[in-house]
Amino acid sequence: MKKLLTFIFLFCWANLIFAQNRPPLERIISIKISNERLDNALKNIANAASFSFSYNPDEIAIEKKVSINAQNQSVREILSDIFGNTTQFKHRGNYVILKKISEEPQKDFFVMGYVSDGETGLKIEKASIYEPITLASAVSNQYGYYRLKIPRELNNINLLVRKQNYQDEKILIRSKQDKNLNIKLLAIKPILQIDTIARLISFKIDSLPNKKLDSLPIFQPSTAKIEIIEPKDSVIFEPQKFDYLDYWATTKEKILITQRRLTDWFITTKQIIHLDNVRDTIYRPVQISFIPFVGTNHYLSGNVINTLSFNILGGYSLGIRSLEIGGFLNVVRGKVYGIQASGFANLVGQDVKGIQMAGFASLVGRNFYGVQASGFGNLNIGNTEGVQAAGFGNTTFKSFSGVQAAGFGNLVFQNTRASIQAAGFANAVIGNGSGIQAAGFGNFVRKDFKGIQASGTVNFVGGTFSGLQIATFNYAQKAKSGYQIGVLNFAMENVNSIPIGLLSFVGKGGYKRLELSSDEVNWFNLTFKTGVKRFYNILTAGYNFGFSDKPNFSLGYGIGTAWQLNRTFWLNLDAVSSHIQQNSTFWHLNQHTKANFNLEIHATPHFAFFVGPTLNFLASNETDLDLGKLNNWKISEKQGYYFGERATLTSWIGLQGGIRIY
């Protein structure tokens with residue numbers, strides 16, 4: 001018995017506390033009054049709902065007799081039945097204030113009431129009620145109550161009611177007087193999917209009695225593999241590899257989620273509710289707004305497509321068909337066609353076709369076609385076709401075609417097609433590229449590229465390259481055709497490209513020779529040739545092991561080309577310039593330039609002999625260098641000037657031969 005009394009006490013106490021937390025007008029009571037004075041009836045209502053009334057007896061006809069029979073109704077509904085449209089009531093704290101409505105004509109009138117479920121009777125919160133001509137709108141509160149102000153000047157007034165998972169409702173308003181209108185919505189019945197029906201049928205079959213034992217699942221013995229763990233000091237820990245593609249996929253997905261939410265960061269909760277409920281698209285010729293939720297489109301701006309939009313600070317709409325100008329910010333959920341300009345930024349959720357200008361940045365959620373210019377940067381989540389220009393950078397998450405120009409860099413996450421990229425620092429394409437890339441520091445293409453790359457430091461192509469690379473360092477995974485021009489050129493594979501530079505290193509398809517030779521100047525020469533057969537670089541060094549009639553050593557660099565006559569015979573034409581050091585104490589002018597034309601005979605797949613004549617020229621100001629001892633086939637010897645320095649100029653015909661390893 002004590003437990004029962006305790007439960008009843010706690011239940012009543014909880015109901016009292018809950019009732020106190022609800023506003024007085026939303027408290028639910030049941031009351032029955034028959035032919036009672038109004039003031040007494042109000043006292044009974046106040047006592048039943050635990051609040052107090054405040055009113056002026058001179059405005060309220062308290063002597064009027066009223067009868068009430070309410071079961072589980074809100075105080076607001078009961079007062080609406082008593083007073084109709086003659087009295088306005090609102091709450092302050094735990095007081096309900098009654099005030100007589102002025103009889104003077106007003107420009108607007110109010111429609112108010114509750115939105116509830118047509119089957120359960122439960123109140124529905126966050127339902128959208130709006131008038132489609134003036135775009136006046138309201139949202140039902142947590143108790144289902146709404147209050148909508150409508151201009152009297154309208155001729156035909158229709159209210160549209162929208163709520164997620166409920167059927168749409170259209171209500172005709174005939175009287176232009178304050179009106180209490182309760183709205184009932186019918187829920188949309190879900191349609192059973194095929195898999196849902198199949199699960200229901202399988203459940204019924206499985207629940208049949210007398211199941212056979214052989215229908216039970218067969219027990220499978222465990223086949224777990226037992227591994228022997230080695231001693232702790234012998235375990236080798238391998239570092240986790242960095243998955244570049246997975247990293248970019250995750251990054252792009254996060255940015256896409258951010259983009260989908262970006263256009264909703266600047267709107268109110270009421271606008272968000274309308275966006276969830278209202279699926280209608282509204283077309284208006286002109287919008288004028290001060291901030292995204294204060295303007296001629298009111299709280300339904302996110303469902304309106306405007307032909308013209310003028311925003312003092314910022315605007316928010318579903319779409320633009322011709323022109324939008326914003327003093328600070330333009331936000332569009334859908335598409336923009338025409339011109340969009342803002343002092344700070346443009347944010348568009350879907351496509352843009354036209355011209356977009358911003359003092360700081362423009363962000364487009366899908367594809368862009370046209371001209372985009374920003375003081376800082378442009379970011380397009382989809383494809384870009386047209387012109388992008390930014391003070392800092394341009395980024396396209398899919399493919400790009402057109403012209404990109406940025407003070408710092410341009411980034412394309414997929415492919416570029418017939419494009420021009422120009423950046424003060426770098427251009428980067430994660431997919432394939434074609435066109436022209438020009439940057440102060442470097443150009444980077446992760447896959448194939450066809451076109452021209454020019455930079456101050458580095459060009460990189462991770463796939464097949466065709467075209468022209470000009471930089472200090474050039475790299476291509478596979479150089480298919482064209483030229484690499486730089487100080488250092490690298491290619492893992494070469495098909496028909498020519499690297500031209502100080503040094504070029506080519507893997508498959510390249511030309512590499514290690515050469516041991518002798519000539520009239522040096523008894524021993526070690527030479528390395530690298531590049532391709534049509535153009536290769538030569539590094540050479542000579543030594544004479546201290547012979548008195550020979551110079552001490554020589555160091556040289558040159559270029560050459562080779563012709564393959566057949567599988568056995570090759571021809572080479574080389575030009576090499578070397579410094580000859582007569583002794584190790586002083587460095588004098590001893591510049592030896594030599595042209596070699598020789599025949600290469602392959603003895604094995606990796607070994608060859610070569611021999612051929614040489615044409616030599618020496619400029620020297622060292623008197624003890626006796627060329628007469630070196631060669632007797634002189635062409636000429638005379639005194640002259642070499643780059644402004646007095647020297648002995650000598651030319652002769654020589655001979656060189658040796659072996660090559662390749």
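Note that these values count all heavy atoms, side chains included, but never hydrogens, waters or copies made by symmetry.
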Nearest 0.5 Å, what's the [atom1]-[atom2] distance between [X] and [Y]?
X      : Y      : atom1 : atom2 : value
Asn432 : Thr464 : CG    : OG1   : 9.0 Å
Ser455 : Phe473 : OG    : CZ    : 10.5 Å
Thr457 : Phe441 : OG1   : CZ    : 5.0 Å
Glu324 : Ser317 : CD    : OG    : 5.0 Å
Gln484 : Ile500 : CD    : CD1   : 10.0 Å
Asn367 : Asn380 : CG    : CG    : 8.5 Å

Report yes if some heavy atom in the side chain of [X] is under 4.5 Å from a heavy atom in the side chain of [Y]; otherwise report no.
X      : Y      : result
Asn443 : Val445 : no
Lys533 : Gln564 : yes
Leu526 : Leu514 : yes
Arg284 : Leu135 : yes
Pro285 : Asn306 : no
Phe368 : Gln388 : no
Ser481 : Val495 : no
Phe617 : Tyr642 : yes

Quiz item: Can Lys353 be said to sit on top of Tyr337's aromatic six-ring, NZ or CZ under 6.0 Å from centre and within 45° of the ring axis?
Solution: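 Judged by the rule (NZ or CZ under 6.0 Å from the ring centre, within 45° of its axis), Lys353 is not positioned above Tyr337.
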
Looking at [X], I'd like to know if its [atom1] atom is crowded, meaning that more than 12 non-hydrogen atoms belonging to other residues, nucleotides or ligands lie closer than 6.0 Å.
X      : atom1 : answer
Lys512 : NZ    : yes
Lys126 : NZ    : no
Lys450 : NZ    : no

Donor + acceptor pair across side chains of [X], [Y] (<3.5 Å):
X      : Y      : result
Asp276 : Gln164 : no
Asn537 : Tyr511 : no
Asn346 : Gln372 : no
Gln142 : Glu125 : no
Gln287 : Asn297 : yes
Ser137 : His274 : yes
Thr416 : Gln421 : no
Asn311 : Asn330 : yes
Asn598 : Arg660 : yes
Asn489 : Tyr483 : no
Asn459 : Tyr475 : no
Asn522 : Ser554 : yes

Quiz item: Going through the checks in order, is the salt bridge (charged side-chain N to carboxylate O under 4.0 Å, His left out) test met by Arg366 and Asp351?
Solution: CA-CA 5 Å; Arg366 292 187 184 174; Asp351 300 336; 5.3 Å; no

Practice problem: For this output row, return yes or no: ring centroids of Tyr543 and Phe553 closer than 6.0 angstrom. | Solution: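 Not close enough - the centres of the two rings lie 6.0 Å or further apart.
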
Practice problem: Please check if the distance between the ring centroids of Phe397 and Phe413 is under 6.0 Å. | Solution: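 Centroid separation for Phe397 and Phe413: below 6.0 Å.
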
Practice problem: With side chain to side chain contact (heavy atoms under 4.5 Å, CB included) as the test, would you mind laying out the steps for Leu318 and Thr281 before giving the verdict? | Solution: CA-CA 8 Å; Leu318 176 59; Thr281 300; 3.8 Å; yes

Closer than 3.5 angstrom, by distance alone: can the side chain of [X] be matched with the main-chain N or O of [Y] as a donor-acceptor pair?
X      : Y      : answer
Ser289 : Pro292 : no
Thr561 : Arg534 : yes
Arg333 : Gly349 : no
Asn378 : Leu363 : no
Ser577 : Thr593 : no

Which pair of non-hydrogen atoms, one from [X] and one from [Y], has the smallest distance, and what is that distance?
X      : Y      : answer
Gly409 : Ala423 : CA-CB, 3.8 Å
Ala418 : Ser434 : N-OG, 2.9 Å
Phe610 : Leu516 : CE2-O, 4.2 Å
Ile538 : Gly560 : CD1-N, 4.1 Å
Ile661 : Phe607 : CG1-CD1, 4.3 Å
Ile129 : Ser140 : CD1-N, 4.3 Å

Quiz item: Taking 4.0 angstrom as the limit, do Asp448 and Lys478 come out as a salt bridge?
Solution: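 Salt bridge flag = no for Lys478 with Asp448.
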
Self-check item: Sidechain N-carboxylate O distance under 4.0 Å for Arg513, Glu600
Solution: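 Yes, Arg513 and Glu600 are salt-bridged.
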
Practice problem: Check the pair Thr540, Ser578 against side chain to side chain contact (heavy atoms under 4.5 Å, CB included), reporting the backbone distance first and the verdict last. | Solution: CA-CA 8 Å; Thr540 185; Ser578 302; 4.1 Å; yes

Practice problem: For the residue pair Phe444 and Phe460, categorise the inter-ring angle as parallel (less than 30°), tilted (30 to 60°) or perpendicular (more than 60°). | Solution: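 The rings of Phe444 and Phe460 sit tilted, inter-plane angle from 30° to 60°.
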
Quiz item: How are the rings of His606 and Tyr662 set relative to one another: parallel (under 30°), tilted (30 to 60°) or perpendicular (over 60°)?
Solution: tilted

Quiz prompt | Derivation of the side chain to side chain contact (heavy atoms under 4.5 Å, CB included) call for His579 and His588 | solution = CA-CA 9 Å; His579 170 75; His588 297 281; over 6 Å; no

Quiz item: Where do Gln437 and Asn427 land on the side chain to side chain donor-acceptor pair (under 3.5 Å) test, with the steps shown first?
Solution: CA-CA 7 Å; Gln437 286 185 318; Asn427 299 301; 5.8 Å; no

Practice problem: Kindly indicate, with the supporting measurements, whether the criterion side chain to side chain donor-acceptor pair (under 3.5 Å) is fulfilled by Asn303 and Arg162. | Solution: CA-CA 13 Å; Asn303 295 90; Arg162 302 288 186 262; over 6 Å; no

Exercise. May I have the step-by-step check of side chain to side chain contact (heavy atoms under 4.5 Å, CB included) for Ser419 and Val403, ending in yes or no?
Key: CA-CA 6 Å; Ser419 65; Val403 179; over 6 Å; no

Exercise. Starting from the C-alpha separation in whole Å, work towards a yes-or-no answer on salt bridge (charged side-chain N to carboxylate O under 4.0 Å, His left out) for Lys163 and Asp168.
Key: CA-CA 7 Å; Lys163 175 61 181 173; Asp168 296 344; over 6 Å; no

